[in-house]
Amino acid sequence: MRARISPGLLAGYVPGHSWLHRAPLWTKFAGVLAAGAASFMLLDWRASALAVAAVVAAWLSAGLGVRRLVAPWRLIAPLLGVLFAFQWWQQGPAASGRIVLNLLLCFLAAALLTATVPLRELLDAVAGAARPFRRFGADPERFALAIAIMLRSIPVLAGSFAEVGDAARARGLERSVRARTIPVVLSAVAYARRTGDALAARGLGDADD
Amino acid sequence: MSRIELDGVRVAVAVEDPESGRTHSKVLLDGVGVDLTERRVAVLGANGSGKSTLLRLLNGLVLPSAGSVRVDGLDTAAEGRAVRGRVGFVFTDPLSQLVMPTGREDVELSLRRHHRSRADRAAAAQAVLDRFGLAALADQSVYELSGGERQLMALAAVLAVEPSVLVLDEPSTLLDLRNRELLRRTLAGLDQQVILSTHDLELALDAERVLVVDAGRIAFDGGPAEGVAFYRALCGIPAHDGGR
């Protein structure tokens, strides 16, 4: 099965010259790290909501557009909804709101990074950051390649979910969890194998000199 | 031209019977011994005949269970990395091998180990894109390109590192007539030794040598016209049947 591509769970690069596009790469990495740290440190849902609002404001002020901001919502909303309901049941509404908002904060911060930095610059930065680990036998290019594959796989897998959902509906099986999940798993495995073969054929997975 | 030698090659995989739980050996290729030195070689065969396995042997994607495969004297099992540096591989579906969001980035990805400096890499990628007339498409998402454009972009990304042999597994299967012709012209203009599998008999007729694979064995090895006629007979299609 050829996978349908679902646009931007993590936004792809959006060309532009905004203040965020021009900001040094390290500041954006620091922002993503800060969002990750904040998800542990923000203990009040109102603080989490403020942080999410700040990231949304940064997104809009960079001219990245509302459409790109809400495009992945259809994909992540069900997951966040389930998480919200479960956490509400476990810990109550305040904790549930905080957890979901903190997750959203991490997701939006990562999307802000990928939307304002071309992937090849991200790869250079990751490979550069991983260079000190070379003395321990790590290959910086493999780090970079892993990031590239991860970012590429997200829209492919999201597309696969949508395609399998359409196929299940066409057969009147929209309520069947099995019909909606097993083909996704099988196509994900097939996709991983094809990608692995392609990387191996290009020598991209080979150890560095 | 490179020299590719397959000597007494057998490829077998272990297959588990889901009912009994027992594993048995399934032979994909057996008794394959060929010496490929021609500029253009086409491999014909029905689906499941073993032609993709044969091609995958050539750059070490598949290793022989018995026998050996050598490219310019390099053993694919022992010197896989060196072999992959010489043998580029293009898959049927270019989306399987275009890793990056745009063609330019994908060509640059191929060049990462060859050019550490970003500026050198960008210049080398631009030269490759110009050579294939793809510069105008280089910054578009690979998902926005047509099938033929994608296939050419995948080809450019593979050829960026200047392999001496290019292996293509059914490169025209997903292409319409116009893009198939574009691919044919592009392949005809390459300096590399080209070995491809195909169901496109016109593409096979462009080759200097044709191998027909049937049930895991080389059933025919010879000239293109005879090879195509043999394949048609094997498929039970009369020679006078319209269209190739």
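We name chains A, B, ... by the order of the sequence lines, and we start the count at 1 in each one. FYI, side chains are in, hydrogens and waters are out, and symmetry mates aren't considered; it's all heavy atoms of this structure.
With a 4.5 Å cut-off on non-hydrogen atoms, Leu98(B) touches chain A through its backbone but not through its side chain. The contact between Asp106(B) and chain A is made by backbone and side chain atoms together, counting heavy-atom distances below 4.5 Å.
Of the residues considered (Leu109(B), Asp139(B), Val158(B)), Leu109(B) shows the highest number of contacts with chain A, using heavy-atom pairs under 4.5 Å. The greatest number of non-hydrogen atom pairs below 4.5 Å with chain A, out of Ser96(B), Pro163(B), Pro101(B), Ser141(B), is found for Ser96(B). Of the listed residues (Arg56(B), Gln97(B), Glu105(B)), the one with the most heavy-atom contacts under 4.5 Å to chain A is Glu105(B).
Crowding of Glu121(A) atom CD: a count of heavy atoms from other residues, nucleotides or ligands under 6.0 Å exceeding 12. Heavy atoms of other residues, nucleotides or ligands lying less than 6.0 angstrom from NE2 of His24(B) number more than 12. Other residues, nucleotides and ligands contribute more than 12 heavy atoms inside 6.0 Å of the CZ atom of Arg169(A).
Checked for salt-bridge contact, Arg180(B) and Asp200(B) meet the test: a charged N lies under 4.0 Å from a carboxylate O.
Looking at Lys28(A), its side chain does come within 3.5 Å of a backbone N or O of Leu20(A) through a donor-acceptor pair.
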